[in-house]
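Here is how names work: the chains are called A, B, and so on, in the same order as the sequence lines, proteins then strands, and each is numbered from 1.
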There are 2 protein chains.
Amino acid sequence: MSPLPAAEHRVAVDVVTIALDETGSGAGSPVFLTLRRPRDPFAGDWALPGTLVRPDESLESAVLRILGDGPGLPRPRHLEQLATFGGPRRDPRGRVFSVSYLALAPRPAEVRRTARWWPVEAPPPLAFDHAAIVDAALRRLRGKLSYSNVAYGLLPDTFTLSELQAVYEAVLGHPLDKRNFRKKVLALGVVTEAAGQRRGPHRPAQLYRFRDTELVVLDDVIPV
Amino acid sequence: MSPLPAAEHRVAVDVVTIALDETGSGAGSPVFLTLRRPRDPFAGDWALPGTLVRPDESLESAVLRILGDGPGLPRPRHLEQLATFGGPRRDPRGRVFSVSYLALAPRPAEVRRTARWWPVEAPPPLAFDHAAIVDAALRRLRGKLSYSNVAYGLLPDTFTLSELQAVYEAVLGHPLDKRNFRKKVLALGVVTEAAGQRRGPHRPAQLYRFRDTELVVLDDVIPV
DNA sequence: GCAAAAGTGTTATATCTACACCCATGC
DNA sequence: GCATGGGTGTAGATATAACACTTTTGC
């Protein structure tokens, strides 16, 4: 068995973590997580959390390590690979391949000082080609909302149908018809009734949960 | 600007090239291209065409190089990245990341001796994790047929609607209704009439061409 | 004239879209 | 009792799915 040529590349993972901003009532607006770069290149700019992949570590382990390490995020509820960015000049220090991931997670109350959440529709200037990676993440998420149960990644275990609808509206950026939305998610069996109600200064709302807590691709589509 | 840590990884591209077998009449059955491995590991087995990425080369250039180099394929009509496979043990010689691509191309009359086309539904045992990569390619292609014009990658510049339908049927593995299929692709404007007819021992058929020769995601769906 | 594929419309069914009011609660 | 969000049904329009025969050519 002939040996392999010498290793020539660095491989990193970069993660777009999307969560919902809890300010205000209902499901908030979608935000994504960045870290401030302490050093050149792009010192002071914001960048996606990322790390070089260690020799014996899988890509997913590297993602979970960086999310655990740094900003104090819980394990993401959903994680999927997006794409690999490999232009020879994407890092001015030398060639680094970036395998990018989309993570969906509940938003923790606090992140450490060097981390910050940004609204997806108003991102800051980002280091490297990270703006393109965030774009890819949003396109993926928006697409998958209609034909999968991927929204489970953004919601707690139980939630009301209005909260679910608010997630769709926040991510897609436009309103949906309440009756049609409810009819469809119930008919598709994406969610099932859970015990209990959400109470507030108004009529209590029935709680639901996702039937599956991993990605399920639907046969039919939720009209968006 | 602090230097990067030493390079620790090898990065390869592996390509699933899908074409249509021309034996018989109409559009043939989908086949994919493999090369026979001359050396261990997996000596004598079939593997996807692939190559290590060179230091100054983009991922796509590496793909085009390996397709040009080897089996005498024309430039693919469609090329898209699939996913990156990075398990630490996927190559017994040492760690190699594989960035996989889906290529669609017309099938050349001849490929060199060490290359071979296989029907997608009856692949041989494949080296490494290449069976999983072929799976991903097929799932991607099947999905995209219904909501994009990706079939342009499998067809010549002009073709009849029956040939287009045969491509769909061959890739999806089930028959479609002729009248409904024609109505839909014409209504969506995916194809437009071209000059000329295809003649044979029967009534001549109008030729069509794709309106766009790059990937277009459709608003509506071709029912499949 | 016969075999082979091209081409073409309609109807019943299902789905989608748009839309407005009453209900249950907290205060 | 009032403000707030929760919850529900229908009708018209649109899209889908199923279906068979005539046309044009080569031989």
> Of all residues at least two apart in sequence or in a different chain, which pass the ring pair (Phe, Tyr, Trp, His ring centres under 6.0 Å) check with Phe85(B)?
Replying inline: none
>> Whether Ser162(A) contacts dG6(D) is assessed here as follows: a side-chain N or O lying under 4.0 Å from the phosphate OP1 or OP2. Is that the case?
In response: yes
> Is it the case that Ser100(B) and Asp14(B) place a side-chain donor and acceptor less than 3.5 Å from each other?
Replying inline: no
> Atom CZ of Phe159(B) and atom P of dA6(C): how far apart are they, to the nearest Å?
Replying inline: 14 Å
> With sequence neighbours left out, what residues match Arg182(A) under side-chain hydrogen bond (donor to acceptor under 3.5 Å, both in side chains)?
Replying inline: Ser162(A)
> Mind checking what makes side-chain hydrogen bond (donor to acceptor under 3.5 Å, both in side chains) contact with Arg198(A), not counting sequence neighbours?
Replying inline: Glu163(A)
> Taking CG from Leu161(B) and P from dG7(C), how many angstroms apart are they, rounded to a whole number?
Replying inline: 7 Å
>> Without decimals, in angstroms, what is the distance between Gln206(B) CD and dA5(C) C1'?
In response: 15 Å
> What does nucleotides 8-16 of chain C look like as a protein-contact string, B for base, S for sugar-phosphate only, - for none, at under 4.0 angstrom between heavy atoms?
Replying inline: BBB-----S
> Tell me: CD of Glu163(A) to P of dG6(D), nearest whole Å?
Replying inline: 8 Å
> Does Tyr147(B) have any ring pair (Phe, Tyr, Trp, His ring centres under 6.0 Å) partners at least two apart in sequence or in another chain, and if so, which?
Replying inline: none
>> From CG of Leu207(B) over to P of dA6(C), roughly how many Å is that when rounded to an integer?
In response: 11 Å
> Just how far, in rounded Å, is C1' of dT4(D) from CZ of Arg199(A)?
Replying inline: 14 Å
>> Could you work out, with side chain to side chain contact (heavy atoms under 4.5 Å, CB included) as the rule, every residue matching Arg203(B), not counting sequence neighbours?
In response: none
>> Taking the nucleotide of DNA chain D with the nearest heavy atom to each, does Gln197(A) or His202(A) sit closer to the 5' end?
In response: His202(A)
> Atom CG of Leu164(A) to atom P of dG5(D): distance rounded to whole Å?
Replying inline: 18 Å
